[in-house]
Every structure is written in structure tokens, then in C-alpha cells.
Amino acid sequence: MVAATLSETPSAAGAPRPLAVARWLFAVAALVLVMVAVGGITRLTESGLSITHWSPVSGTLPPLSEADWQTEFDLYKQTGEYRNVTGPAGMDLAAFKFIFFWEWFHRLLGRVIGLAFAVPLAWFWLRGAIPAGYKPRLLALLALGGLQGAFGWFMVRSGLGAEMTDVSHFWLSIHLLTAFFTLGGLVWTALDLRQLDASGHGKPARFTGLTFFVAVILFLQLLLGAWVAGLNAGLASNTWPLMNGRLVPETNWSQGVWWTFTHDPFWLHFLHRWWAWVAVAALIVMARKVKPLDRRASIAIHSAFGIQILLGIATVMTGVELWLAVAHQVVGALLVGAFAWGAHALGRRT
């Protein structure tokens, strides 16, 4: 009787529609995945500092005249990146337009995702289609999206100083990890709603002890990856498994242990490539626990970390080839989604 009330067809106006809401959240998660890919391209093409201001409304459109383009280029010329890197390399207006496109498209996609979340949320809310107890969680996801935009601007601003040639790797990691956390939250909430539609009860899945343990290990690996990206530490070595002929690379400890663990590109590269195996071991244990509950989720976890390891090695050995590095970042996001799927299966209450 309850299951019939929650079914998708037919659905009376004002009745909760958990499956429709779940499908919408999965669609938004797919958009976030595209955003991660575009963000990776933006970073790898050194496009992030090409737009030196934040204009939420007028920034929706790119420059429409040569004069407008020249104005944007002149603003970019004031950055440390242009003065110390791209300017001496001979960047002209045509080259500037290329990097401007990727940063503009990245920001535009962020606006699209905001609308893709806010407008359907309002529609579902007004029609009474959101099941009881889920409105606060959906509002929290909306707030995360807003924070993601703010963190993105703080990241860009961190690189606009006269002596800066890159954004802060700390802000880059905050920006990227917030995207991953949002993706995981979207998948988890969609799975809760799908379970609600199937079973008719309102018990969301819980976070288990094993899930928390694996999440901490995975978080550290993703954080290291973000710092490696922000410091261009992927270029510290193009060999594997040794780094420039050594298992443990030469590392600068002269500025203290904390600085080395947060700034030294060789040490961070070393940590990222070997902590990955700790993450793999934890994920294998988790996937084995998940398999009897949801075989597809177990396969997704194994597939994601397996492909991710191969892409990471290939990215290093090709000197950070753009398409491989982007694929490595995208599969990292897919791994977060697979982890959320498996964690949900472990914490599901029937």
C-alpha cells in the first residue's frame, strides 16, 4: 500500500516522488563529473588565471568585440603568471583567447549546474514531491554548490598577486575536494531516495565504521593528488616505480617537516604514488564486504581504482600528457561515486 503511494506512475500532485528526485540528483551528479573534467583541462592548460575578476551576471557572456578582448588581455597582463611565464614565452591575443575560453566555460558550467539544481529543487518543493526529511539535505547540497563557486574564486584570487605564477595548491585542493564531496553527497542521497521508492520506508543508509576508515584513507589520497596537481609535482619524475632512479627521491627538509609534507613536490609525488596502494588495499577490503550486498557496486569500486592506478602511472610516464591527466582526475571522481555507492550498500537498512 505504501509502495503504491510512492510509485512514479501515476503520481498525484502533492505526493512524494522519491524516484523522480533521485533521477534528478543522478543527472546533477553527471554534470558535476563533466565539471571535474573541464576543471582538469582548465588547470592543465594554465587557463585558471585568464579571468581576473568575478562577474556573476555579466561574466556569463564572453568578450564580444576586439576592444573587449583587449581589455581582458590587458588585465591578464598585470598578473604574475603573464609577467613571469606566459609573457616571456610570447603569448599573444590569440593564445590568450584559448586559455580564456576554458576558464570562461568552466565558470559557465558552474552556473549551469547551479540552475540545474536550484530550479528543479524549487519545482519539486512547490509540488510537494520531496519526501519527508530530505529538504534539509537538499538545501545542504545547494549550499555546497554555492561554496564551491566561492572557493573557486578564492582559488583564482590566490594566484593574482604580482609575484604569483600559480594559484595556491591549498585553495585548489579545497575547490577540488569540495566538488568530490558534493558528488558523493548527490550519489548517496539519490541512492537513499531510490531505496525509499523501492521499499516504502524512510530509513536512510548510515555511515559504518569500515566506511569511515576507508573514507579517511581515500581522502588523504585525493588531498595528495590535489596538492600534486597544484604544485605541478607530477613533473617531478617521469619514471615508475623509481623516481629518477631512486625509490625515495631527494627531498628538501631544510624548511622543516611541515613544509616538506605540504610543499615539496618530490616528497608529495612520492607520497601520492605509494599511498595509492594503501588506498587500494582498503578499497579491496571494502569491495569484498560490499559484494554480497551489491555486486555491481563492488565491481564499480574494483574497476575505478584499477583504471585509476593505470592512468596515474601512464600520466607520470608520459610527462603529464593532458588527456591522460584529465582522465586520471575524472576517474578519481568516478572512484568517489563508486565509493559512495559501496558505502551506501554497507550502511543500507531494510
Side-chain angles (χ1 to χ4, degrees), residues 27-77 79 81-82 85-86 91-120 142 144-160 165-168 171-180 182-183 186 226 229-230 232 320-334:
V28 176
L31 285 175
V32 172
L33 192 65
V34 175
M35 184 71 157
V36 169
V38 174
I41 296 172
T42 301
R43 173 179 58 81
L44 290 160
T45 55
E46 302 288 345
S47 302
L49 297 177
S50 59
I51 303 179
T52 60
H53 52 88
W54 174 244
S55 305
V57 178
S58 61
T60 304
L61 295 176
L64 300 176
S65 68
E66 284 303 305
D68 291 339
W69 275 113
Q70 191 60 53
T71 297
E72 293 291 345
F73 192 24
D74 289 341
L75 290 172
Y76 176 67
K77 287 179 178 179
T79 65
E81 182 178 71
Y82 178 83
V85 181
T86 55
M91 173 175 279
D92 57 14
L93 183 58
F96 171 73
K97 288 181 178 181
F98 173 79
I99 65 170
F100 185 98
F101 166 79
W102 284 111
E103 175 63 10
W104 169 79
F105 185 53
H106 187 52
R107 296 189 187 193
L108 179 66
L109 189 55
R111 293 179 175 94
V112 169
I113 293 174
L115 289 173
F117 194 94
V119 174
L142 179 64
L144 269 176
L147 276 176
Q148 177 70 351
F151 291 157
W153 170 241
F154 291 148
M155 178 186 70
V156 170
R157 193 174 65 176
S158 72
L160 294 178
T165 58
D166 281 302
V167 300
S168 163
W171 274 116
L172 186 147
S173 65
I174 292 170
H175 186 52
L176 181 60
L177 293 178
T178 301
F180 286 164
T182 304
L183 177 64
L186 288 165
N232 297 315
V320 191
E321 180 72 30
L322 188 146
W323 73 270
L324 285 170
V326 171
H328 186 54
Q329 183 163 304
V330 171
V331 175
L334 288 172

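Side-chain contact between Leu186 and Phe117 is present, with heavy atoms from C-beta onward closer than 4.5 Å. Within the 4.5 Å cutoff, the side chain of Gln148 has no heavy atoms near those of the Met35 side chain. Phe100 places none of its side-chain heavy atoms less than 4.5 Å from the side chain of Phe73. Within the 4.5 Å cutoff, the side chain of Leu176 has no heavy atoms near those of the Arg43 side chain.
What you find for Pro120 and Leu115 is that their closest heavy atoms are CD-O, 3.5 Å. Smallest separation of non-hydrogen atoms from Ile99 and Thr45: CG2-O, 3.7 Å. Contact record, Leu183 with Ala333: CD2-O, 3.3 Å, taken as the closest heavy-atom pair. When every heavy atom of Thr60 is checked against every heavy atom of Val57, the shortest pair comes out as OG1-O, 2.9 Å. Of all the heavy atoms in Leu75 and Thr52, the pair that sits closest is CB-OG1, 3.5 Å. Considering all non-hydrogen atoms of both residues, Leu44 and Leu322 come closest at CD1-O, 3.8 Å.
To the nearest 0.5 Å, atoms OG1 (Thr178) and CZ (Phe151) are separated by 5.0 Å. One finds the OG1 atom of Thr182 at 4.0 Å from the CG atom of Leu144 (value rounded to the nearest 0.5 Å). Distance check: Gln329 CD to Leu334 CG gives 11.5 Å after rounding to the nearest 0.5 Å. Note: Arg157 CZ to Leu49 CG = 13.5 Å, rounded to the nearest 0.5 Å.
Put simply, the side chain of Arg107 gets close to the backbone of Ile51: a donor and an acceptor are under 3.5 Å apart. A donor-acceptor contact shorter than 3.5 Å links the side chain of Thr71 to the backbone of Ala67. Checked by atom type and distance alone, the side chain of Ser158 pairs as donor or acceptor with a backbone atom of Ser168 at under 3.5 Å.
Ring-plane geometry between Trp171 and Phe154 is classed as tilted, the angle between the planes lying from 30 to 60 degrees on a 0 to 90 degree scale. Aromatic ring orientation, Phe101 versus Trp104: tilted (interplanar angle from 30° to 60°).
Trp54 CH2: more than 12 foreign heavy atoms inside a 6.0 Å radius.
Partner of Lys97 under the salt bridge (charged side-chain N to carboxylate O under 4.0 Å, His left out) criterion, chosen from Glu72, Glu103, Glu66: Glu66.
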When you look at Phe180 and Val36, which way does the side-chain contact (heavy atoms from CB on, under 4.5 Å) test go after all the steps?
CA-CA 9 Å; Phe180 286 164; Val36 169; 4.2 Å; yes
Could you walk me through whether Thr86 and Tyr76 satisfy the side-chain contact (heavy atoms from CB on, under 4.5 Å) test, starting with their C-alpha distance in whole Å, then the side-chain angles of each, then the deciding distance to 0.1 Å, before giving a yes or no?
CA-CA 10 Å; Thr86 55; Tyr76 176 67; 3.0 Å; yes
Please step through side-chain contact (heavy atoms from CB on, under 4.5 Å) for the pair Phe96 and Tyr82, ending with a clear verdict.
CA-CA 10 Å; Phe96 171 73; Tyr82 178 83; over 6 Å; no
Please evaluate residues Leu108 and His106 with respect to the criterion side-chain contact (heavy atoms from CB on, under 4.5 Å), reporting the C-alpha separation (whole Å), side-chain torsions for both, the decisive distance (0.1 Å), and the verdict.
CA-CA 5 Å; Leu108 179 66; His106 187 52; over 6 Å; no
